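Accompanying notes for the structure given below.
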Amino acid sequence: MATRTASCSCGQLRIEVNGEPLNVGVCHCLACQQRTGSVFAALAAFRTPYRVIGAASEYLRTGDQGASYRFRFCPVCGTNLFHTEEGVGDRSVAVAVGGFADPSFPPPQVSVYDCRRHDWVQLPDGLAVYEKDPG
């Protein structure tokens, strides 16, 4: 089984995941825009287990549909590297695609919160697009 490693900008925080992503998606919600400092978040979900190397700071945020998400970021450089959903975090982890620094990483299959997508953002053909989170 292939192992992939994603890293923060300074390299202090890393996460190792195994296998291929369960899914890859982009989220255009305003919380993800603020969290990433970009116009959308690109995330890849992987099955557990995973291994974290380095220290992570974290914060908990409640989503639109009531689920709580625990975001982990590097306390040195501030990179928001991965998160889990409270209560189901033992099943999967969502990792920022940019953390893999791999231009050949699989493209997104789904786009959520299209109602918040910036008009100039063009999505690849064949993507499943949802106005909000399909939950």
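Source: prediction; values computed, not measured.
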Exercise. Got a salt bridge between Arg70 and Glu86, using NZ or NE/NH1/NH2 to carboxylate O under 4.0 Å?
Worked result: yes
For this session: Any chance you could measure Cys29, atom SG, to Asp133, atom CG, to the nearest 0.5 Å?
Result: 8.5 Å
Problem set entry | Sub-4.5 Å side-chain heavy-atom contact between Phe73 and Cys8 | no
For this session: Answer yes or no: is there a donor N or O on one side and an acceptor on the other, between the side chain of Gln12 and the main chain of Ala55, under 3.5 Å?
Result: yes
Exercise. Under the side-chain contact (heavy atoms from CB on, under 4.5 Å) criterion, do Cys74 and Cys10 qualify, and how do the steps go?
Worked result: CA-CA 9 Å; Cys74 176; Cys10 73; 3.8 Å; yes
Exercise. Atom OG1 of Thr36 and atom CZ of Phe71: how far apart are they, to the nearest 0.5 Å?
Worked result: 10.0 Å
Exercise. Mind checking whether Trp120 and Leu127 sit in one hydrophobic cluster, side chains of I, L, V, M, F, W, Y counted as touching below 4.5 Å?
Worked result: yes
Seminar exercise, completed: Rounded to the nearest 0.5 Å, the NZ atom of Lys132 sits from the OH atom of Tyr113 at a distance of 6.5 Å
For this session: Find out if a path of hydrophobic residues (ILVMFWY) with successive side-chain heavy-atom gaps under 4.5 Å connects Val93 to Leu81.
Result: yes
Problem set entry | Distance-minimising heavy-atom pair for Pro75 and Ala56 | CD-CA, 4.2 Å
Exercise. Does a donor on one side chain sit under 3.5 Å from an acceptor on the other, for Glu58 and His83?
Worked result: no
Exercise. At what distance, to the nearest 0.5 angstrom, does OG1 of Thr84 lie from CZ of Arg72?
Worked result: 3.5 Å
Problem set entry | Criterion side-chain contact (heavy atoms from CB on, under 4.5 Å) on Arg47 and Ser92, from CA distance to verdict | CA-CA 4 Å; Arg47 288 194 203 300; Ser92 67; 5.9 Å; no
For this session: Using a 4.5 Å cut-off on heavy atoms from C-beta on, say whether the side chain of Val24 contacts that of Pro107.
Result: no
Problem set entry | Donor-acceptor contact below 3.5 Å, side chain Thr5 vs main chain Glu16 | no
Problem set entry | Atom pair CZ/SG of Phe40 and Cys32 - distance to nearest 0.5 Å | 11.0 Å
Seminar exercise, completed: Tightest non-hydrogen contact, residues Arg116 and Gln33, listed as O-NE2, 3.2 Å
For this session: Considering only NZ, NE, NH1 and NH2 on the basic side and carboxylate oxygens on the acidic side, decide whether Glu20 and Arg4 come within less than 4.0 Å.
Result: yes
Exercise. Under 30°, 30 to 60°, or over 60°: which ring-plane class applies to Phe46 and Phe100, parallel, tilted or perpendicular?
Worked result: tilted
For this session: Flag yes if more than 12 heavy atoms outside Arg61 fall under 6.0 Å of its CZ atom; otherwise flag no.
Result: yes
Exercise. Linking I/L/V/M/F/W/Y whenever any side-chain heavy atoms sit under 4.5 Å apart, do Val26 and Val121 land together?
Worked result: yes
Exercise. Between Thr3 and Arg51, do the side chains contain an N or O donor and an N or O acceptor separated by less than 3.5 Å?
Worked result: no
Exercise. Thr48 and Asp90: side chain to side chain donor-acceptor pair (under 3.5 Å), yes or no, with the steps?
Worked result: CA-CA 6 Å; Thr48 57; Asp90 58 341; over 6 Å; no
Seminar exercise, completed: The reported gap from OH in Tyr50 to CD1 in Ile15 (rounded to nearest 0.5 angstrom) is 6.0 Å
For this session: Answer yes if Val52 and Val17 sit in the same cluster of Ile, Leu, Val, Met, Phe, Trp and Tyr residues linked by side chain heavy atoms under 4.5 Å apart, and no otherwise.
Result: yes
Exercise. Same cluster for Val95 and Leu13 if Ile/Leu/Val/Met/Phe/Trp/Tyr side chains link at under 4.5 Å?
Worked result: yes
